[in-house]
Enquirer: 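Quick one: the structure is below, and I'll ask about it shortly.
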Amino acid sequence: AAYVPPVGRYAPPGAKRGTGTSLAERMRKEREGSTTGATKLFPKAFLASTGKKLPVGMAPANDGKSKNVLRKERQKVAKEKKEQEEAEEKQRQEEEEKARLESAANDPTKKAKKLNKILKQISELKKKDPASLNEDQKIKIATEAELLQNLAELNIS
């Protein structure tokens with residue numbers, strides 16, 4: 001089963017279709033205006049919209065702007081849109097945080113828990129040696145009376 005070359009002369013794929021005209025030949029005929037053997041490559045709707053014929057493969061002009069300028073404009077618009085969305089998201093998060101803090105501030109049970117937690121921390125600090133405490137810890141111990149008063153007001157109401 002040795003290799004047997006095909007019989008006959010070589011014919012390129014374009015010539016095997018039966019038309020006998022390559023794409024280059026059809027384009028040349030269209031450009032010259034004699035379209036007897038070739039068909040138009042431009043659809044009529046395209047020619048009507050642009051108003052002028054362009055070479056094959058050439059895109060219609062975009063107001064005289066280059067591809068790079070158009071790309072930069074799209075990037076700029078996308079960046080502005082992204083910044084606007086980020087600003088809206090940040091504002092929405094701030095409003096949610098504000099609403100959450102207001103609801104927590106108005107809830108007496110949450111305030112009481114917070115005050116009890118601080119009072120517990122103060123009692124732990126009192127058990128330590130006063131010389132080993134830093135300034136913040138000393139200030140916290142000094143606010144004990146005020147915290148007890150606030151807790152008493154919460155329990156009354």
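Everything numeric here is computed off the predicted structure, so don't read it as measured data.
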Enquirer: Once you round to the nearest 0.5 Å, how far does CG of Asn68 lie from CD of Glu73?
Expert: 10.5 Å
Enquirer: With a 3.5 Å cut-off and sequence neighbours excluded, list the donor-acceptor pairs that the side chains of residues 125-139 form with protein atoms.
Expert:
from   : atom 1 : to     : atom 2 : distance (Å)
Lys126 : NZ     : Glu144 : OE1    : 2.3
Lys126 : NZ     : Glu144 : OE2    : 3.1
Ser132 : OG     : Asp129 : O      : 2.8
Asn134 : OD1    : Asp136 : N      : 3.2
Asn134 : OD1    : Gln137 : N      : 2.9
Gln137 : OE1    : Asn134 : N      : 3.0

Enquirer: Rounded to the nearest 0.5 Å, what's the gap from CD1 on Ile118 to CG on Leu148? Could you check?
Expert: 11.5 Å
Enquirer: Distance check, rounded to the nearest 0.5 Å: Gln121 atom CD versus Leu147 atom CG?
Expert: 10.0 Å
Enquirer: To the nearest 0.5 Å, what is the distance between NZ (Lys111) and CG (Asn150)?
Expert: 8.0 Å
Enquirer: CD/Glu30 to CD/Glu32 distance, rounded to the nearest 0.5 angstrom?
Expert: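 Going from CD on Glu30 over to CD on Glu32, the span is 11.0 Å.
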Enquirer: Are side-chain heavy atoms of Thr109 and Lys113 found at a separation under 4.5 Å?
Expert: no
Enquirer: CD of Glu153 to CG of Leu151: how many Å apart, nearest 0.5 Å?
Expert: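 It is 10.0 Å, given to the nearest 0.5 Å.
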Enquirer: Report, one line per pair, each donor and acceptor closer than 3.5 Å where one atom sits in a side chain of residues 75-88; sequence neighbours left out.
Expert:
none

Enquirer: For Arg92, give me all partners under salt bridge (Lys or Arg N to Asp or Glu O under 4.0 Å), at least two apart in sequence or on another chain.
Expert: Glu89, Glu96
Enquirer: Is it true that a side-chain atom of Thr143 and a backbone atom of Glu146 form a donor plus acceptor pair closer than 3.5 Å?
Expert: no
Enquirer: Tell me whether Glu95 is salt-bridged to Lys98, with the criterion being a basic N under 4.0 Å from an acidic carboxylate O.
Expert: no
